[in-house]
Amino acid sequence: MNCPNCGTPIKEGEIMCSACRMPVALMSGNPTTPTPIAPSASTSAYVDPASTVTSMSSMEMPTYVEKDSEATLSNQYKNYGEGKKPVTSLKFLLPILIGTLLLVFVLFGVYMVVKMYVQDRKSNPSESTLATYQVDFNGYIYTLSGDLTYSKDTASNVLHIALSDNTWSSSLQIIESTYASARERKNALKSYFQSLGYTASDVKEQNYGDGVFLLLEATKKQKKYLLAVTQAGDSSNCFGIVIEKQDNTYGYDLLETVAKITTNVKYERTNTTGKGNVDFDFTNVLK
């Protein structure tokens, strides 16, 4: 028997057509002109299986992506975890560590140099030309400019002052006498140096800065000195001053510097002892 709908042979035992799926039970009544069954509202629309297969075959199937196996993932990450450490750790940290140590070493060196420089300036304040400093000597406080050095001769009661480059020097000797008394004995002062073998000029009085000086020029062989006597700051005593340059000459221009020292000196006590033998002992003449 053939299917009355599509003509496909119906094999024995089949309950529907293999082509159009028409039930065999519907074929037995009128095999040639089967009565089509009208679909009811509750019955689903008939879908041809052949067209369904065709439409499904035309659909784009998803592409299958094979996942990495566990062994492959293990190889990719073998440098991490329990395996070999990342190569970037020592490659970058070591130069940074070395650079940091070098920087600390350099900064420490600069700090030590600056520290030594400051300490040197404090121990020898004459290295600084921008400041003044004070020297305590035999009861007097001397204010010296920063470009001056000094040395103390306590036995002779003489403070030696010099420029830091040693181009000139000056000695200050405390005289236990007044300036008024020294001015009255100025001729005796000239005679005193003549007795020591010096060619001495007349003593003249002259102002320098805030100080008044008795000035005397003395020469002996190659040595030339400018000798002076002036008031010892706020004390009643005097200073006997000897000025000499490195080329064995003397200079009146240095009196400006000496005047600042002598006029600013502060006297703290009256007894000065321990004087010894010096070339120019003003005290023996002016006291």
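The minimum heavy-atom distance linking Ala162 with Asn166 is given by the pair CB-OD1, 4.2 Å. Residues Leu215 and Ala228 approach most closely at CD2-CB, 3.6 Å, considering heavy atoms. When every heavy atom of Ser164 is checked against every heavy atom of Thr149, the shortest pair comes out as CA-CG2, 4.1 Å. Looking at every heavy atom in both residues, Cys17 comes nearest to Thr8 through SG-CB, 3.8 Å. When all heavy atoms of Ser170 and Ile243 are compared, the pair lying nearest together is OG-CG1, 3.8 Å. Of all heavy-atom pairs between Pro9 and Asn2, the closest is CA-OD1, 3.3 Å.
Annotation: side chain of Leu172 is in contact with side chain of Val258 (closest heavy-atom distance under 4.5 Å). Here the side chains of Lys245 and Trp168 are in contact, with some heavy-atom distance below 4.5 Å. Residues Leu216 and Ser201 form a side-chain contact, since some pair of their non-hydrogen atoms from C-beta on lies under 4.5 Å apart. Proximity of Ile261 to Val265: side-chain heavy atoms (C-beta onward) are nowhere separated by under 4.5 Å. Side-chain contact between Asp147 and Leu163 is present, with at least one heavy-atom pair separated by less than 4.5 Å. Taking 4.5 Å as the limit, some side-chain heavy atom of Leu226 sits within range of a side-chain heavy atom of Leu255. The shortest side-chain heavy-atom distance between Val135 and Lys152 falls under the 4.5 Å cut-off. Using a 4.5 Å heavy-atom threshold, the side chains of Phe193 and Glu217 count as separate.
Considering Val158, Leu159, Asn157 in turn, Asn157 is the only one that fulfils the side-chain contact (heavy atoms from CB on, under 4.5 Å) rule with Asn138. Among Phe239, Tyr150, Tyr133, the one residue that satisfies the ring pair (Phe, Tyr, Trp, His ring centres under 6.0 Å) test with Tyr142 is Phe239.
Because its NZ or CZ atom is not both nearer than 6.0 Å to the ring centre of Tyr250 and within 45° of the ring axis, Lys224 does not count as a cation-pi partner of that residue.
To the nearest 0.5 Å, the span separating CG on Asn237 from CD on Gln231 amounts to 8.5 Å. Annotation: the span from Leu227 atom CG to Phe213 atom CZ amounts to 13.0 Å, rounded to 0.5 Å. Atom OG1 of Thr100 sits about 7.0 Å away from atom CD1 of Ile96, to the nearest 0.5 Å. We find the OH-OG distance between Tyr179 and Ser235 to be 15.0 Å, quoted to the nearest 0.5 Å. Atom OG1 of Thr249 is separated from atom OH of Tyr225 by 11.5 Å, given to the nearest 0.5 angstrom. Atom OG1 in Thr143 sits 8.0 Å away from atom NZ in Lys266 (nearest 0.5 Å).
Formation of a donor-acceptor pair under 3.5 Å by the Lys220 side chain with backbone atoms of Leu196 is found in this model. Without hydrogens or angle criteria, Thr230 side chain to Val212 main chain gives a donor-acceptor distance under 3.5 Å.
By the rule that hydrophobic residues join a cluster once side-chain heavy atoms approach within less than 4.5 Å of another member, Ile141 and Ile241 end up as members of separate clusters.
Within 6.0 Å of CG in Asp210 there are 12 or fewer heavy atoms belonging to other residues, nucleotides or ligands.
Contacts of Glu205 classified as salt bridge (Lys or Arg N to Asp or Glu O under 4.0 Å), with partners at least two apart in sequence or in another chain: Arg183.
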